[in-house]
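Everything on this sheet refers to the single structure shown next.
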Amino acid sequence: MRTNNHRIVFLLFLALTASCTIYREIPIEVLRTSEVRLPLDKKNIGFAYRNFKFINDTLQSYYLRDGILVKDFRTRGKDTDSILVSACLNSSAYHFSQNHIGNSTFILPSDLFPRQNCEKVHPLPPVLIRKLSHTTGADYLIFLETITYFFSAFSDEESGDYQQVRMGGIWAVYNGETGEVADRKNMVDTIYWAQHEGTENMRFPPRFEALKQASEVFGENYAKRFYSEWTEVDRSYFIPPLEDFRVAGNYMNEQNWDKAEEIWKRYSDPRFGRLAISACYNLALVSEIGDDLEKAIFWIGKAKEMARSYPGSDELRMSRHYASVLSKRLKEIEIFRQNGQP
């Protein structure tokens, strides 16, 4: 009978720790691999605007102010479109050059093509691409085929003011020799400006300047598809209200990964119930920090398997998500290495 009482107390303890678990975030650096893999080394790359607009695209003729749709008279017309396209293409070409994508980059005149309005965008004729490539000396031509943008601003006394620009566009890479499409991308991006605690006096850019800045970011984000870089991301880890986990959390703050790992391994056995899920999840994070993705996938697999016993729990949801993130990263890196990258 005494043994049963001890078992009940232990189970109640585990239930209590699970219900009071908190989550902390930690920034780590991960390798973001290139999405597009074309033989662009020692190639001349030209950027151009196709000047295509969908017939039903009226977004850029309006903006949203505190939930009210307002007709935009100041940023309408060809000039605005031309300025934003120029900002976008210049930004993209700049980041190609800065990251040594290709031998040289150049931008063709924005009025190269007349305005086209249609319901569907089709690839440009190969004969036209070959002729344009021969004339300009481009090995590849990157077309911003269409672009659209929408500005919104909101005032909120509780959470603070914020504004955003939603950008959308279609990009296409044409092989100058064959005239065929080598890559095509539909892109949507949202650029935010927001007030946070301590930044209440921050001034947002005016509407037109915000559109211009968003266009530059849109061009930069497109260029990122062509090169790899180390980038900072936030990861979460579990801290149940247990002294050992609190101590391990302090080790994480001090970047003493080995000490934190040592503590979490003590609780990784399934007999610790939900504590074991937290421990295995955290061990996956430590493994990812150490660039051992195979080991990270092993630990998150254990966490996910144990979490299946708790349907609808945060542990199950977060374990599934993290397992997906790690699997995707591993596949990207394997492809990256197969293409001769270090």
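Along the sequence shown, residues carry numbers from 1.
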Are [X] and [Y] linked by a side-chain donor-acceptor pair shorter than 3.5 Å?
X: S97; Y: T105; value: yes
X: S287; Y: D292; value: no
X: D183; Y: Y140; value: no

Check: [Y] and [X] side chains under 4.5 Å, non-hydrogen atoms:
X: F238; Y: I22; value: no
X: K224; Y: R32; value: yes
X: F52; Y: R115; value: no
X: K259; Y: I263; value: no
X: F272; Y: P240; value: no
X: C280; Y: S268; value: yes
X: M252; Y: L285; value: yes
X: I147; Y: M167; value: yes

Hits for side chain to side chain contact (heavy atoms under 4.5 Å, CB included) against A323, two or more places apart or cross-chain, chain-then-number order -> I300, K304
Answer yes or no: is there an ion pair linking [X] with [Y], defined by an N-O contact shorter than 4.0 Å?
X: K42; Y: D139; answer: no
X: E145; Y: R184; answer: yes
X: E25; Y: R235; answer: no
X: K265; Y: E262; answer: no

Residue pair [X] / [Y]: nearest heavy atoms and the distance that separates them:
X: S313; Y: A307; answer: OG-O, 4.2 Å
X: G169; Y: F218; answer: N-CZ, 3.6 Å
X: G46; Y: A138; answer: N-CB, 4.2 Å

Validate the cation-pi geometry between R166 and Y149: distance from NZ or CZ to the six-membered ring centre under 6.0 Å, angle to the ring axis within 45°.
-> no
Please report, to 0.1 Å, the donor-acceptor pairs under 3.5 Å made by any side chain of residues 117-133, with sequence neighbours excluded.
unit_1: R130; atom_1: NH1; unit_2: T178; atom_2: O; d: 3.1
unit_1: S133; atom_1: OG; unit_2: I129; atom_2: O; d: 2.8

Neighbour count above 12 (heavy atom, 6.0 Å) for E177 CD | no
R225 atom CZ, neighbour heavy-atom count above 12 within 6.0 Å = yes
Without swapping roles, check the side chain of [X] against the backbone of [Y] for a donor-acceptor pair under 3.5 Å.
X: N51; Y: F113; answer: yes
X: S34; Y: F226; answer: no
X: N99; Y: I101; answer: no
X: Q163; Y: P205; answer: yes
X: Q116; Y: R50; answer: yes
X: S92; Y: G219; answer: yes

Side chain to side chain contact (heavy atoms under 4.5 Å, CB included) assessment of S236 paired with M318 = CA-CA 9 Å; S236 300; M318 293 176 66; 4.0 Å; yes
F245 and W264 aromatic ring geometry - parallel, tilted or perpendicular at 30°/60° bounds | tilted
Applying ring pair (Phe, Tyr, Trp, His ring centres under 6.0 Å) between Y281 and each of Y322, Y23, W299, report the one that passes.
-> Y322
Option passing ring pair (Phe, Tyr, Trp, His ring centres under 6.0 Å) with F47 (candidates F96, Y94, Y222) | F96
Could you please spell out the steps behind the ring-ring contact (aromatic ring centres under 6.0 Å, His included) verdict for F150 and Y63?
-> CA-CA 6 Å; F150 186 68; Y63 66 93; 8.3 Å; no
Is the F143 to Y49 ring centre distance short of 6.0 Å?
-> no
Can you list every pair that meets side chain to side chain donor-acceptor pair (under 3.5 Å) and has a residue in residues 243-254, with sequence neighbours left out?
-> E243-R246, D244-Y267
Between the NZ atom in K212 and the OG atom in S86, the distance rounded to the nearest 0.5 Å is 8.0 Å
